[in-house]
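Predicted, not measured: the structure shown is a model, and the values here were computed from it.
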Amino acid sequence: MAERRIGLIMNGVTGRMGMNQHLIRSIAAIRKDGGVVLANGDRVMPDPILVGRNREKLEALARAHGIARVSTDLDACLADPNDTLFFDAATTQMRAGLLTRAIEAGKDIYCEKPTADNLADALAVAKLAKQKGIKAGVVQDKLFLPGLRKLKMAIDSGFFGKILSVKGEFGYWVFEGDLQPAQRPSWNYKKDEGGGIILDMLCHWRYVLDNLFGNVESVSCLGATHIPQRIDESGKPYKADADDAAYATFQLEGGVIAHINSSWVTRVRRDDLVTFHVDGTHGSAVAGLQKCWTQSRVNTPKPVWSPDTPQPINFFEGWQEIPDTEPMPNGFRVQWELFFKYLAGDVAEYPWDLLAGAKGVQLAEAGLQSWAERRWIDLPKLEV
């Protein structure tokens, strides 16, 4: 067995997602477990260098997680031939420019979504990567959640018969910052800093819908800024002018209709922070982050509408949970491991590339256009 080192430039790991999901629960965890095992027994070992503006924060992170290298000089990192993979989880507005610099430097790419804050830039980056012949991957983490993996198994088994519709509910109450500190950064609510739930979440819904239920063909979206003023990290009020909720309907290839509500101003009374309710001719399912429940045609109760009597049916009792049949680790880590196998040649194809990332930006842009023009927007096929 041999160890294959991959020099990894990690940009944006002092932020919430970059630090928790990508550094701590993915790369540091992979290193602690001895790397990613390939089919021939070799192991891929990521050797990260943490890059950012605040050396003190970077050094503290590195010490805490057994990482030897940090830098505040991204240009020097991109010029080092010993580090061949660039990862970015910094701000959306800077991403296309950073990816372009990394691709021009000959680096392979793995990055958070959205890949840009507009479709033109997202396509340009995808086209450049194809021209340069580099390998690229975009985080599509929800496909690797245990709940959605179980839902995909139900779909592949033919459980649903013909799938008719998908109803998604995502979100939770993000505090305004006065009663309690906000649990999301203030830039999320500022339009000129790349904030807004449509740009953020419709990129997610694109890959979920495309990969599980059928390609998205058109969208009708209504956004809202329900809370116009919030309190920032320094305790000062600011104008929240980006959308904090989105109510979107999608027409999918094959006739499936999907509707997904996304909100940072809703209080949760459902199974999880995100749920997908799928109805088919032979059965239905409800999937969350970890769990998935099903109800078959023969187990479906037969309610009768009667507003004058208490409901005699407990509708929660008629569902069965899909059991855990195998270990399902952190979804971000699972995708990182698959991408490392792709880099090492263990996996021949990797579908979640920069073109897949551009499709997410396309849907977000179409959602914003639909809201502005109050109409359905069709999505043409993207190619690079």
**Prompt:** Do the non-hydrogen side-chain atoms of V278 and I163 ever get within less than 4.5 Å of each other?
**Reply:**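 Side chain of V278 against side chain of I163, heavy atoms only: contact under 4.5 Å found.
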
With rounding to the nearest 0.5 Å, note down the distance linking [atom1] in [X] to [atom2] in [Y].
{"X": "S370", "Y": "D378", "atom1": "OG", "atom2": "CG", "answer": "10.5 Å"}
{"X": "L148", "Y": "M328", "atom1": "CG", "atom2": "CE", "answer": "10.5 Å"}
{"X": "L99", "Y": "L354", "atom1": "CG", "atom2": "CG", "answer": "6.5 Å"}
{"X": "D80", "Y": "D73", "atom1": "CG", "atom2": "CG", "answer": "11.0 Å"}
{"X": "L252", "Y": "F213", "atom1": "CG", "atom2": "CZ", "answer": "8.5 Å"}
{"X": "E253", "Y": "L209", "atom1": "CD", "atom2": "CG", "answer": "12.5 Å"}

Where do [X] and [Y] come nearest, in terms of heavy atoms and distance?
{"X": "C221", "Y": "G367", "result": "CB-O, 3.6 Å"}
{"X": "A287", "Y": "G147", "result": "CB-O, 3.7 Å"}
{"X": "A364", "Y": "C203", "result": "CB-SG, 4.2 Å"}
{"X": "I197", "Y": "S262", "result": "CD1-C, 3.6 Å"}
{"X": "C77", "Y": "I9", "result": "O-CD1, 3.4 Å"}
{"X": "V70", "Y": "A62", "result": "CG1-CB, 3.7 Å"}

In this structure, would [X] and [Y] fall into the same cluster of hydrophobic residues linked by side-chain contacts under 4.5 Å?
{"X": "V13", "Y": "W187", "value": "no"}
{"X": "F339", "Y": "V125", "value": "no"}
{"X": "F276", "Y": "L145", "value": "yes"}
{"X": "V361", "Y": "L143", "value": "no"}
{"X": "L379", "Y": "I260", "value": "yes"}

Please tell me whether [X] and [Y] have a donor and an acceptor in their side chains that are separated by less than 3.5 angstrom.
{"X": "S218", "Y": "Q251", "value": "yes"}
{"X": "E233", "Y": "S186", "value": "yes"}
{"X": "H22", "Y": "E112", "value": "yes"}
{"X": "D272", "Y": "T275", "value": "no"}
{"X": "N118", "Y": "E365", "value": "no"}
{"X": "R206", "Y": "Q362", "value": "yes"}

How about [X] and [Y]: are their ring centroids closer than 6.0 Å?
{"X": "F250", "Y": "W376", "answer": "no"}
{"X": "W293", "Y": "F316", "answer": "no"}
{"X": "Y189", "Y": "W264", "answer": "yes"}

For residues 127-142, please give each side-chain donor-acceptor pair under 3.5 Å, one per line with the distance, not counting sequence neighbours.
unit_1, atom_1, unit_2, atom_2, d
K130, NZ, V384, O, 2.8
K135, NZ, Y342, O, 2.9
D141, OD1, Y207, OH, 3.4

For [X], give me all partners under side-chain contact (heavy atoms from CB on, under 4.5 Å), at least two apart in sequence or on another chain.
{"X": "R297", "answer": "H282"}
{"X": "D33", "answer": "R333"}
{"X": "Q183", "answer": "Y172, V174, F175"}
{"X": "T266", "answer": "S263"}

**Item:** Pairing of R95 and D121 as salt bridge, 4.0 angstrom limit
**Value:**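 No, no charged N to carboxylate O under 4.0 Å.
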
Is the [atom1] atom of [X] crowded by more than 12 outside heavy atoms at less than 6.0 Å?
{"X": "M94", "atom1": "CE", "value": "no"}
{"X": "R375", "atom1": "CZ", "value": "yes"}
{"X": "K190", "atom1": "NZ", "value": "yes"}
{"X": "E321", "atom1": "CD", "value": "yes"}
{"X": "E56", "atom1": "CD", "value": "no"}

List the atom pairs, with distances to 0.1 Å, where a side-chain N or O of residues 36-52 and a protein N or O form a donor-acceptor pair under 3.5 Å, not counting sequence neighbours.
unit_1, atom_1, unit_2, atom_2, d
N40, OD1, D42, N, 2.9
N40, ND2, D42, OD2, 3.2
D42, OD1, A2, N, 3.0
D42, OD2, R4, NH2, 3.4
R43, NH1, G34, O, 3.2
D47, OD2, R5, NE, 2.9
D47, OD2, R5, NH2, 3.0

**Message:** Show, in sequence, the C-alpha distance, side-chain angles and deciding distance for R184 and D200, and conclude whether the salt bridge (Lys or Arg N to Asp or Glu O under 4.0 Å) test is met.
**Reply:** CA-CA 13 Å; R184 291 187 68 89; D200 186 3; 3.4 Å; yes

**Request:** Evaluate side chain to side chain contact (heavy atoms under 4.5 Å, CB included) for H277 paired with V166, printing each intermediate quantity in order.
**Result:** CA-CA 6 Å; H277 183 124; V166 181; over 6 Å; no

**Prompt:** Can M10 and L23 be said to form a side chain to side chain contact (heavy atoms under 4.5 Å, CB included), step by step?
**Reply:** CA-CA 8 Å; M10 297 193 76; L23 176 59; 4.2 Å; yes

**Request:** Could you walk me through whether K167 and D279 pass salt bridge (Lys or Arg N to Asp or Glu O under 4.0 Å), step by step?
**Result:** CA-CA 9 Å; K167 296 180 285 291; D279 287 316; 2.8 Å; yes

**Item:** D75 and R101: CA distance, side-chain angles, deciding distance, salt bridge (Lys or Arg N to Asp or Glu O under 4.0 Å) verdict
**Value:** CA-CA 9 Å; D75 288 331; R101 288 167 61 189; 2.5 Å; yes

**Positive for ring-ring contact (aromatic ring centres under 6.0 Å, His included) with F144, one of W336, F332, W352** =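 Output: one option passes, namely W352.
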
**Request:** Please step through salt bridge (Lys or Arg N to Asp or Glu O under 4.0 Å) for the pair D83 and R69, ending with a clear verdict.
**Result:** CA-CA 12 Å; D83 293 321; R69 302 184 297 152; 3.0 Å; yes

**L78/F86 under side chain to side chain contact (heavy atoms under 4.5 Å, CB included): CA gap, chis, key distance, verdict** = CA-CA 8 Å; L78 292 176; F86 175 76; 4.1 Å; yes

**Test item: Q93 side-chain N/O and D192 main-chain N/O as donor-acceptor pair under 3.5 Å** =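 Present.
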
**Message:** Walk me through whether V256 and L164 qualify under side chain to side chain contact (heavy atoms under 4.5 Å, CB included).
**Reply:** CA-CA 5 Å; V256 176; L164 307 173; over 6 Å; no

**Message:** As a quick check of understanding, evaluate side chain to side chain donor-acceptor pair (under 3.5 Å) for S234 and D232, giving each step before the final call.
**Reply:** CA-CA 5 Å; S234 63; D232 67 16; 2.8 Å; yes

